[in-house]
Structure formats: C-alpha cells, structure tokens
Amino acid sequence: MKNSFLLVFLSLFLISCETTSKEEKINDFAIIIHGGAGTILKKNMTDEKEAAYKAKLEEAIKVGYTILKNGGTSTEAVLKTIQVMEESPLFNAGKGAVFTNAGTNELDASFMDGKTLNAGAVAGVKDVKSPIELAIKIMTDSEHVMLSGEGASTFAKEKGLEMVDPSYFYTENRFQSLQKIIEQEKTQLDHDDKKANFYDPNIKDSKYGTVGCVALDKNGNIAAGTSTGGMTNKRWGRIGDAPIIGSGTYANNNTCGVSSTGWGEYFIRSQVAYDISAQMEYQKKSLKEATKDVIQNKLTKLGGTGGVVALDKNGNMSFEFNTEGMYRASMDEKGELIIKIYKE
Ligand code: ASP
C-alpha cells in the first residue's frame, strides 16, 4: 500500500517536472527570419555578396525586434520585417522575385495570427508592391482567406495599398536565370528527355530565396508570414506552398509559428507548417523535436528540399533545413542576434 502511494507520488512529481521544463518561458518576446534555403555554398559566394545578405538580414530583423521591444504586436513586426526583404533585390520576394515562363513576376504571400487563428493569403499578383501587406489586409478587411490574380489586385486598389508597374519587380539577375533555364530546357527537349522537370531542370541546385518571419510579442501572441515570387520558369498559374496556410505559414498561440521555404510542391503535400504545430499539440513534442521530424525525416523521405524557421509560445526558436544552406537570423529578448547562411 505504502509502496503504491510512493509510486503515485513519484509519477506525479516526474510529470510535473516534465511540464515545467517544457512550459518554461525562455523569451518574453523573440523573432526569427529566413531569406530562402537551397544550394547555398561558401565556395560559390563572394565576400561582398555574403556581407550584403548578412547586412540585409540584420537590417530586417532589427526592424521587427525594435517593434517587439517597444511593446508592438507580432503582426506589425512580421509585416515590417518582411517588407524590408521584399524591397531588397537579394531575395525572391517583392522586388527581385523570380520570373515565370512568360517573363512576368507573379507573387504569393500569406500571414497567420496565432491568437485568433485568422489568416490571409494571396497568389499570383503582378502589381502590388507588398504582397505580405495584401495578405494581412485580406485577413483583416475581407471575409476570405485567399485571393488570387486580378481580383486580388482589385481588392488591393480598393483598400488603398501601394500599386506598382510590373516592371518594378524586374531584376537583371533573375531575368538571366530564366533565360538559362529556357535554354537548358530546349536542349533537353532536343534530346527528348521526358523526365526533365517541367519548370526547372536544375531544381535540385536551386536557391529558393523566399522570405519569411515568425514573431512572439510581449502579449504572448505569435504571428507568421511568408512572401515569395515562387519558382523560376513556373507556368500555368503554378502556385507553391508560400500562400498555403498550413504549408508555407502557420501560427497558433498554443503551440508555435512557422514559415517555410523550399520546393513548394513537397511542402504542400507534407503540410509542413501545420504538421509541426500538430506534433507539438498532439504528441507533446518540443519545437526542436517537431521541426526536426518534419524536415529531416518526413519531408526528406518524400524527396522534398528546403527548411523552416519556427518559434514556440515560450520563445524557443528553431532553424531546420535539409539543404546546403538557408539565409537565416534570430533575435531573443536580450537582443542577442544570430545570423547564419551555411549548414553547420
Ligand atoms: N517555396 C517557394 C515555392 O515553392 C519557393 C521558395 O521557397 O523560394 O514557391
């Protein structure tokens, strides 16, 4: 009898230890970002290019960090941080977006609010300067979650968002990447290689370049957002994971927030962002365990490449990717800044 009491007491004690260690708040507020994953190798990078990427990641994350530090919302932090990267030609989002097969830029973005589980997303817009701003507007000012193409542009105009001529998104680099792929495709067709990937024969060597941000504010609210130009040479109105809630973006105050980058088709099929949250909710996994399983185990087995940045309700943060590199940065409540590019 005495023994069984002791056993019950011991089990309760162990359970409570487990809960406390997982429940422990390590950051009151925090922010984490990515600028795309892919075959990013030190040997292919110049010092100047590396410095430019790091400087832009630092500039972007500090914008969000300052908002959070001053008591601003995670929504505001995600919006303003992503806008810095959308305006930079370095990333495949906003200015600097990749080209479609038709030589246009078609942009996708999504946003989710972890407190209300409300979300907004946009696919295939060509003339809205900040797709992430439009995604948030769709969430706050419409009864819909996702709008696309011309309809989404009309909505943006009605709401007074900044519109631009499509040429605003043009960058010479991205245009040349399209020409290279079209040229390679022709050669492959000449050799009748039916196995060639339909939009990018070199997809395994791709640098994806999407941008994303997850933030936790002082009120415990998590927000996540992702913005992209998609994949070079995409056609037929192809839409990737970035605007799909549950694949490219997910946020829930009870678990975590996630933003993805990688080969979108695999991220959609794997429901990457939601799966991480679900593993935490149903299997009581830590953020690290959940991100690791989804990227290194499940996504990898399927043949998908890419990564995520994620942050949980206690301010734990995780970078997880199965590619050679991922442009990434994080800042905790003390202002400690981590910026990295390559695999370690
Ligand atoms: N995930 C994006 C897409 O498939 C690409 C990227 O991450 O850069 O559209």
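None of these values were measured; they are calculated from a predicted model. All ligand and atom numbering here is 1-based and tracks the order in the structure.
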From the list Thr228, Asp108, Thr226, side chain to side chain donor-acceptor pair (under 3.5 Å) with Thr210 holds only for Thr228
Pick, from Thr261, Asp241, Ile244, the option with the minimum heavy-atom distance to atom 3 (C) of ligand 1.
Asp241
Check Glu265 with Arg238, please: is the shortest side-chain N to carboxylate O separation under 4.0 Å?
yes
Do any nitrogen or oxygen atoms of Gly240 lie less than 3.5 angstrom from nitrogen or oxygen atoms of ligand 1?
no
What distance separates Asn322 CG from Asn297 CG, expressed to the nearest 0.5 Å?
11.0 Å
Take every heavy atom of Gly36, measure it against each atom of ligand 1, and state whether any distance is under 4.0 Å.
no
Using a strict cut-off of 4.0 Å, indicate which atoms of ligand 1 neighbour a heavy atom of Gly230.
5 (C), 9 (O)
Arg174 charged N/C atom sitting above Phe99 aromatic ring, 6.0 Å / 45°
no
Do any N/O atoms on Arg238 end up under 3.5 angstrom from N/O atoms on ligand 1?
yes
Would Gly262 count as a polar contact of ligand 1, with the cut-off being nitrogen or oxygen pairs under 3.5 Å?
yes
Distance to the ring centre below 6.0 angstrom and angle to the axis at most 45 degrees; does that hold for Lys137 and Phe155?
no
Where ligand 1 meets Gly264 - atom numbers and elements under 4.0 angstrom, heavy-atom basis
4 (O)
Within 45° cone of Tyr342 ring axis and under 6.0 Å: Lys42 NZ or CZ
no
Should Thr210 be counted as touching ligand 1, given the test is an N or O pair under 3.5 Å?
yes
